[in-house]
Amino acid sequence: MTDPSEIVAFDETRLDKVRALRENGVMPYPHTFDRKNTIQEIKSRFADITHEKSVDSVSTAGRLYIIRNHGKTLFADLGDGTEKIQLYIRKNDVGDAQFDFFNQYLERGDFVGVTGHVFRTKLGEITIWVDTITLLCKAVCPLPEKFHGLKDIEKRYRQRYVDLIVNDESRQTFRNRSRIISLIRKFLDELGFLEFETPILQPVDGGANARPFTSYHNCLEQKLFLRIAPELYLKRLAVGGFERVFEIARNFRNEDIDTHHNPEFTMVEIYWAYRDFRDMMALTEDFLTYIVTSICGTDKVTFEDTTINFGKRLKKLSMADAVKEYTGIDIFTHTVEELRTLAQQNKLDEYEKPQTQREFLVLFFEGMVEEKLIQPTFIYDFPVENSPLAKRHREKEGFTERFELFIYGMEVANGFSELNDPVDQKERFEAQDEKRRLGDLEAQMIDYDFINALGYGMPPTGGVGIGIDRLVMLLTNNNSIKEVILFPSMKKLTEGEEESEEIAGTKNGQKPVSG
RNA sequence: GGGUCUGUAGCUUAGUUCGGCAUAGCGGCGGACUCUUAAUCCGCAGGUCAAGGGUUCAAAUCCCUUCAGGCCCGCCA
């Protein structure tokens, strides 16, 4: 296919119409229209209308979706941001000039404004009996086919605007995404949380184990990273005295793309002083119950033929108990060598790597349990080695007070009692740094300023991050993250030199085009 | 990174097994039609068969390479 950003695909006959309109003194792109009613308003206000025309007149505007021409009369479907409504246009009523104008110049995809009266047709459809019609915007790209619409998945992602024009389900998905975001704000606002924006460009990358995107600041002459998580900055706020904070954060991870990963994705991260990981599990439960019932009207969600139950008390298992329950293996009753044999028998890759029971615990959990966690399940008590920002467990040596929430095999939330011992944090960072030296590109960098911040004292704090994209997937029954991200990352189609600021600067002094 | 499937008109697609004139519907254009709703009826135009190469008298079809995408696996909390 052609890349629409590189090649303009205007329809010649539509361009001809634009020219003809201008020659006839008609503005193809007028500045405004006095819309007095949305289609939704009209439909609810005249819900009981009969075949008789309404006394009151209406004025509304939108895009022409379908035109059914009957000679001296025609029907059309008009859609705005709310709904669609049928138009009925008669030559007798609008006059020869307007009627011929419509037939000659207006077509699917154009925006028009109409005035008229409301009535119900013989077949029962609420319809606007049009008195006047005005062209508001002439579309020069043709719409996809009226019945099948736009099915091509790639084109739906690359040209989301077309997808949104013609695919109602897609528009519904993103309407729900927007509602979920505002419900998150409402939920946290009512609990007294403050929303902040922390740096996206960070000199030291941290807060998660992931490969970052790198950028460069010309004047500072220094490398900057696009954040992989807002965590370390939000915790600085806890140090600073903000006791309930959150951020709806776009994170960037320079990793592979698949149905559950997009290079940029959205999380809400929440920090609450004088709370621990159990409190944050409870908060996460309340949060989910609130969002799910608000969006779906019930605490049950259907996802790919599976009913997912978000009833108040979600399942909670320690990682060790989860492994025991789903695999029958009781990790801490076996020696490391026995575990290696079991891992090999269960065809777990990398069964040779782990050196401790705790490492085998993670191996068995990730390899055999995660995918089976269909109903929402909290898994808690993670080994300290792969939780460098979580506080040590108050009872279990070698573990941290950390949990993750799994739904349909996906990790949806991750939280813990935040590590606030600055010396311990420094040692954990140093252990991560050692992994970096050994080639682990996802191990964390040492953030000395963050360590210093902890040195000033951070109250006992609970934190949790919840993946918004995956939550939206679950609540809108979409099995790909690209279906819930408006403009998912796609490989560019055209060949040729990579545009850079320097190259752009040499082209007749033109400003570089962003994008 | 591996496997697999897909790419044909603006859109939805037939044709690929087994090589033989490039299909249709919608949309567009012209015509008929004053309560249709995927309106209907008649006619016309519209193609770099993703790109490049090869085999062949002949390639959308077979072979190779490349590009993009879907799905599965791996990687990635």
Side-chain angles (χ1 to χ4, degrees), chain A residues 1-4 9-14 16-17 51 65-77 84-94 99 103-104 107-109 119-127 129 139-159 162 165-166 207-211 228-229 253-261 263 319 349-350 362 365-367 370-371 379 382-383 385-390 402-406 410-414 440-444 465 467 479-480 482-483 488 490-495:
Chain A
M1 65 174 283
T2 53
D3 183 346
F10 295 163
D11 186 88
E12 278 305 323
T13 64
R14 284 179 180 246
D16 288 343
K17 286 175 185 173
H51 193 57
Y65 276 87
I66 296 183
I67 297 167
R68 296 180 288 278
N69 196 324
H70 289 253
K72 294 186 180 62
T73 180
L74 61 85
F75 291 89
D77 292 349
K84 283 183 190 161
I85 196 166
Q86 182 169 257
L87 304 179
Y88 180 49
I89 304 176
R90 295 200 338 163
K91 195 165 188 168
N92 284 7
D93 298 316
V94 299
F99 198 81
N103 276 328
Q104 203 169 350
E107 56 204 314
R108 295 182 69 229
F119 79 113
R120 196 176 287 277
T121 63
K122 278 179 188 166
L123 296 177
E125 179 93 15
I126 291 187
T127 302
W129 195 310
V140 297
C141 294
L143 287 185
E145 204 237 17
K146 62 187 173 189
F147 183 60
H148 296 94
L150 180 63
K151 290 268 184 288
D152 187 303
I153 292 173
E154 182 178 353
K155 207 165 284 189
R156 286 182 46 238
Y157 296 157
R158 289 189 192 273
Q159 294 180 266
V162 182
I165 290 170
V166 298
N209 290 41
R211 295 186 68 177
I228 55 175
R253 298 188 183 177
N254 206 339
E255 290 164 358
D256 227 355
I257 298 174
D258 62 29
T259 46
H260 295 91
H261 299 83
M319 189 183 282
D349 290 338
E350 304 200 341
V362 172
F365 177 75
E366 291 180 351
E370 271 188 21
E371 62 189 10
I379 299 296
F382 284 57
E385 290 81 3
N386 59 346
S387 307
L389 302 167
R402 174 184 179 187
F403 67 92
E404 288 187 349
L405 173 64
F406 289 87
M410 290 191 289
E411 180 198 334
V412 172
N414 178 17
D440 184 348
L441 295 166
E442 279 125 27
Q444 302 197 17
N479 61 9
S480 168
K482 286 196 175 82
E483 292 287 356
M490 303 287 281
K491 196 159 182 174
K492 72 180 270 190
L493 294 168
T494 47
E495 293 175 20

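Predicted, not measured: the structure shown is a model, and the values here were computed from it. So you know, we letter chains A, B, ... as the sequences are listed, proteins then strands, and number each from 1.
Across all strands shown, B:C21 forms no Watson-Crick or G-U wobble pair with both distances under 3.5 Å. Across all strands shown, B:G74 has no partner, as no Watson-Crick or G-U wobble contact with both distances under 3.5 Å is found. Summarising the base pairing, B:U13 is matched to no nucleotide, lacking a Watson-Crick or G-U wobble pair whose two defining distances lie under 3.5 Å. Applying the Watson-Crick and G-U wobble criteria (two distances, each under 3.5 Å), B:C44 pairs with B:G28. Summarising the base pairing, B:U56 is matched to no nucleotide, lacking a Watson-Crick or G-U wobble pair whose two defining distances lie under 3.5 Å. In this structure, B:U6 and B:A68 make a Watson-Crick or G-U wobble pair, each of the two defining distances being under 3.5 angstrom.
Across B:U23 and B:G46, the matching C1' atoms stand 14 Å from one another, rounded to whole Å. For the C1' atoms, the distance from B:G47 to B:A14 is 15 Å, rounded to whole Å. A distance of about 48 Å separates the P atoms of B:G69 and B:A32, rounded to the whole Å. Atom P of B:U16 sits at a distance of 15 Å from the matching atom of B:C63, rounded to the whole Å. On the P atoms, B:C42 is 14 Å away from B:A24, given to the nearest whole Å. When the P atom is compared between B:C64 and B:U6, the two are found 15 Å apart, to the nearest whole Å. Comparing B:A60 with B:A9, their P atoms sit 14 Å apart, to the nearest whole Å. One C1' atom belongs to B:C76, the other to B:U4, and the distance between them is 22 Å to the nearest Å.
A donor-acceptor contact under 3.5 Å is not formed by the side chain of A:Asn386 with the base of B:A77.
With rounding to whole Å, A:Asn103 atom CG is found 13 Å from B:U34 atom C1'. Separating the CZ atom of A:Phe365 from the C1' atom of B:C76 is a distance of 16 Å, rounded to the nearest angstrom. Atom pair A:Glu370:CD and B:C76:P shows a separation of 12 Å (rounding to whole Å applied). In this structure, CD1 of A:Ile165 is placed 13 Å from C1' of B:C11, rounded to the nearest angstrom. Rounded to whole angstrom, the span from the NE2 atom of A:His261 across to the C1' atom of B:C75 amounts to 9 Å. Atom CZ of A:Arg156 and atom C1' of B:C11 are 14 Å apart (whole Å). Look at CZ on A:Arg14: it is 13 Å from P on B:C11, rounded to the nearest Å. Distance CD (A:Gln104) to C1' (B:G28): 15 Å, rounded to an integer number of Å.
Taking A:Asp440 as the reference, nothing meets the side-chain hydrogen bond (donor to acceptor under 3.5 Å, both in side chains) condition, with sequence neighbours excluded. For A:Thr13, the side-chain hydrogen bond (donor to acceptor under 3.5 Å, both in side chains) criterion is met by A:Asp11, not counting sequence neighbours. Scored by the salt bridge (Lys or Arg N to Asp or Glu O under 4.0 Å) test, A:Arg68 finds A:Asp77 as partners (sequence neighbours excluded). By the ring pair (Phe, Tyr, Trp, His ring centres under 6.0 Å) test, A:His70 is found to be paired with A:Phe75, residues two or more places apart in sequence or in another chain being considered. For A:Phe365, the ring pair (Phe, Tyr, Trp, His ring centres under 6.0 Å) partners two or more places apart in sequence, or in a different chain, are A:Phe406. Partners of A:Phe382 by ring pair (Phe, Tyr, Trp, His ring centres under 6.0 Å), not counting sequence neighbours: none found. Taking the side-chain hydrogen bond (donor to acceptor under 3.5 Å, both in side chains) definition, one finds that A:Lys482 meets it with nothing, sequence neighbours left out. Here A:Glu483 pairs with A:Arg156, A:Tyr157, A:Arg160, A:Asn478, A:Ser480 under the side chain to side chain contact (heavy atoms under 4.5 Å, CB included) rule; sequence neighbours left out. With sequence neighbours left out, A:Glu404 forms a side-chain hydrogen bond (donor to acceptor under 3.5 Å, both in side chains) with A:Arg402.
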Every protein N/O lying under 3.5 Å from an N/O of nucleotides 69-71 of chain B:
residue, atom, partner, partner atom, Å
B:G69, OP1, A:Lys491, N, 3.0
B:G69, O4', A:Glu154, OE1, 3.0
B:G70, OP1, A:Lys482, NZ, 3.1

Between N or O atoms, less than 3.5 Å apart, protein on one side and nucleotides 1-5 of chain B on the other: list the pairs.
none

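With distances taken from any side-chain atom of A:Glu255 to the nucleotides B:C11, B:C76, B:G28, the minimum falls on B:C76. Side-chain atoms of A:Pro142 lie closest to B:G10 of the nucleotides B:G10, B:C11, B:G28.
Both A:Ile257 and A:Glu366 sit near RNA chain B, but only A:Ile257 has its closest nucleotide nearer the 5' end.
Between the side chain of A:Thr127 and the backbone N or O of A:Arg120, no donor-acceptor pair lies under 3.5 Å.
Using a 4.5 Å heavy-atom cutoff, the side chains of A:Lys155 and A:Leu150 are in contact. Put simply, the side chain of A:Pro144 does not reach to within 4.5 Å of the side chain of A:Ile165, judged on heavy atoms. Using a 4.5 Å heavy-atom cutoff, the side chains of A:Asn69 and A:Asn103 are in contact.
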Practice problem: Produce a footprint string for nucleotides 35-43 of chain B: one letter per nucleotide, 5' end first; B if the base is under 4.0 Å from any protein heavy atom, S if only the sugar-phosphate is, - if neither. | Solution: BBBBB----
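Listed here is the closest heavy atom pair of A:Trp129 and A:Asp93: NE1-OD2, 2.6 Å.
Residue A:Glu404 is classed as a base contact, given a heavy-atom separation below 4.0 Å to a base. When heavy atoms are screened at a 4.0 angstrom cut-off, A:Asp11 is found touching no nucleic acid atom at all. When heavy atoms are screened at a 4.0 angstrom cut-off, A:Arg402 is found touching base atoms of the nucleic acid.
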